[in-house]
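In each ligand, atom 1 is the first atom listed, and ligand 1 is the first ligand listed. Below, all heavy atoms of this structure are taken into account, side chains as well, without hydrogens, waters or symmetry copies. Keep in mind that this is a model prediction, so the values were computed, not measured.
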Amino acid sequence: MNTYVTTPIFYVNAEPHLGHAYTTIVADAYGRYQRLKGNTVRFQTGTDEHGDKIATAAEAAGITPQAYADRVSAMFRAVCPPLQVEYDNFIRTTDAAHQRVVQAVLQKLYEQGDIVLSDYSGLYCQGCERFLTEKELQGGLCPDHLKPPVAITEQNYFFKMSRYQGWLIEHIKANPDFITPERYRNEVLSFLSEPLEDLCISRPTSRLTWGIPLPFDKNFVTYVWFDALLNYLSGLGYFPEGEMSAECSHYWPVAEHVVAKDILKPHAIYWTTMLKAMGVAPYRKLHVHGYWNVNDTKMSKSIGNVVRPMDLVEKYGSDSVRYFLLREMSFGLDSSFSLAAFEARYNSDLANDLGNLFSRTMAMVQKFAGGKVPLLVDGEGESTELDRQLIAAAHEMVQEFCRQMEEFHFHRALQAVWEVVSLSNKYIVSNAPWELAKDPAKRGRLHLVIYNLLETLRLIALPLNVVMPTTALAMQVALGISGRQNLAAHGKWGGILQEGAVISLSTPLFPRFDQADAVSPVAGQTKPQQVKAPKNAVSSSAKTDEDTLITFDEFKRIDLRVATVVAAEKVAKSDRLLKLTVEAPERRTVVAGIAEYYQPEEMVGRQVIIVANLKPTKLMGIESQGMVLAAKSGGQLFVSTVSGEVDAGSKVA
Ligand code: MSP
């Protein structure tokens, strides 16, 4: 089976933000899911580069529209790899091949009488780049741009969309899954219950020159939507008349478009009727999602709350961003982004639930099974009801994940996986492997428990390939699994893990992040206060309200000491951490999040101030017996010290 999945092509008048990233991640995850099923997938994204908006933005930037489009299009392309978005084709509407297709389609529809010249008077909104109907206005303003449209009368070319209205209604009614979720299908049907007006598909060159010239009248350029929608076919090498290209006949019949609700009408009505007029079958499905707001407010440049996906990726890693976006939004409904929600999910679902399950299991394999997939000896280690429950749940998880992915219910697909993550954590507690390990007679049972956990982790990693490719790969590598994974071949319990295979030592999947280092990904948004500061955090900015005051007795409980650094080294696989050996005066190890600001050799010989009575905690597998104090200012970090040399271990009070 083939699949052709597309994102909208994005306007190049704004930099990529969270909303663009979401659609693209959805399309990428769906493509990865289809590949995991063994299907052949083509995934296309790209940029929409003509029209008023781009011409105006280029003028403001003082460069040509083409130079402007080149610059911003490159940004959209550049965010893909860090988001682990693997497209097969990145299309630009300024590509010569695309422009030829647009002109050929226009010519064909003109010749067959589907495009006609006519007078038009109407209310034009520059933001929307279209004429608005009286009905669409709210208080005389465009509801999206909150500006009054301008009254314009001009000659223009019109696509006779109304000819295909009856056919479109029938098609939607006969194909319940054509537009999903259902609310959007209903919205389109309700819109179609009124007669359609014909679509103005030209702009006079007196008003706009940044567009594709109409092949039959040089006084006009093509309306940006007529141009843009054709990307889905031109990107497959389609050309009107003549044979369909191989790519086209493979992929067009299975085209699935992913868009947000803002562009439902162009996709459900303009595009379908254009295709009908062209004599091309409609796409297979239109998947419509809701909008991301930020802290319950519309994301907008003027409010200054635009979330930049790259900031999130740099701070939390792209797997976490992909997970959050797909887990948090119910596809079809609006959702609100906040750093607090992001960090809460990161800590609970990723660092605690999945991260702990993985590291606990890996630690048990090392400790109780010699670092290998345990050998299961018949007769030893009888199965229990708990085992049967876990196996059944892991099995069902894969099925449920697939069912939900087919429906674009990403949040439910992930919920299904996390149910098993949570069951596995309970399985560990109920079986208490550390107790089993104390009794040599229970060795068989201990090994069976460990095997079951490893196999469950393997099955958990399988669907995660779709959403969190790096994490899934890290889990698979640790489990000794290599090669292309496939849902049918690898989605069943047992038979894949090799008994006796070495389980590699691995780093934690999701280290808890250090909030003090947080870069705010939302311009102008302060970091959430309610998220617990991780254990190794250096001090955050001072607060003075009553609730934060402590008594002298409380302060006295904190044992601050001067410590002399006698050795320092980088912590493997961490960009942030240095392992310091200090004397205070006894020797101890302190892991500090300062590696981005200090080289190990710069630290040796320094005196720092540490919290000496902090409960020891493990960071990247190293026990840290204290915390180094530091202050951050102007993007730099400065470790605290005393103004003269003092005895190591001197109390700071
Ligand atoms: N160029 C047209 C699309 C042409 S497709 C043939 C366009 N471009 S756009 O840059 O405005 O992108 C709109 C799309 O970006 C939305 O449909 C959606 O996919 C994504 N999003 C933009 N803002 C969004 C949110 N706040 N939330 C979710 N997705 C949003 O329209």
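Counting only N and O atoms by type, the side chains of Q44 and Y87 include no donor and acceptor under 3.5 Å apart. With no hydrogens or angles considered, no side-chain donor-acceptor pair links H17 and W292 at under 3.5 Å. T93 and H98 share no side-chain donor-acceptor pair at under 3.5 Å. Donor-acceptor pairing under 3.5 Å is lacking for the side chains of Q99 and Q103.
Within 4.0 Å of ligand 1, contacts by protein heavy atoms are made from P8, I9, F10, Y11, H17, G19, H20, T23, D48, W225, A228, L229, N231, Y232, A260, D262, I263, H267, H289, G290, Y291, W292, M299.
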Handout entry: Steps toward salt bridge (Lys or Arg N to Asp or Glu O under 4.0 Å) verdict (R203, D217)
Key = CA-CA 11 Å; R203 294 291 178 267; D217 191 337; over 6 Å; no
Practice task
Might you work through the salt bridge (Lys or Arg N to Asp or Glu O under 4.0 Å) test for E187 and K261, ending with a clear yes or no?
Solution key: CA-CA 10 Å; E187 200 176 308; K261 61 183 187 180; over 6 Å; no
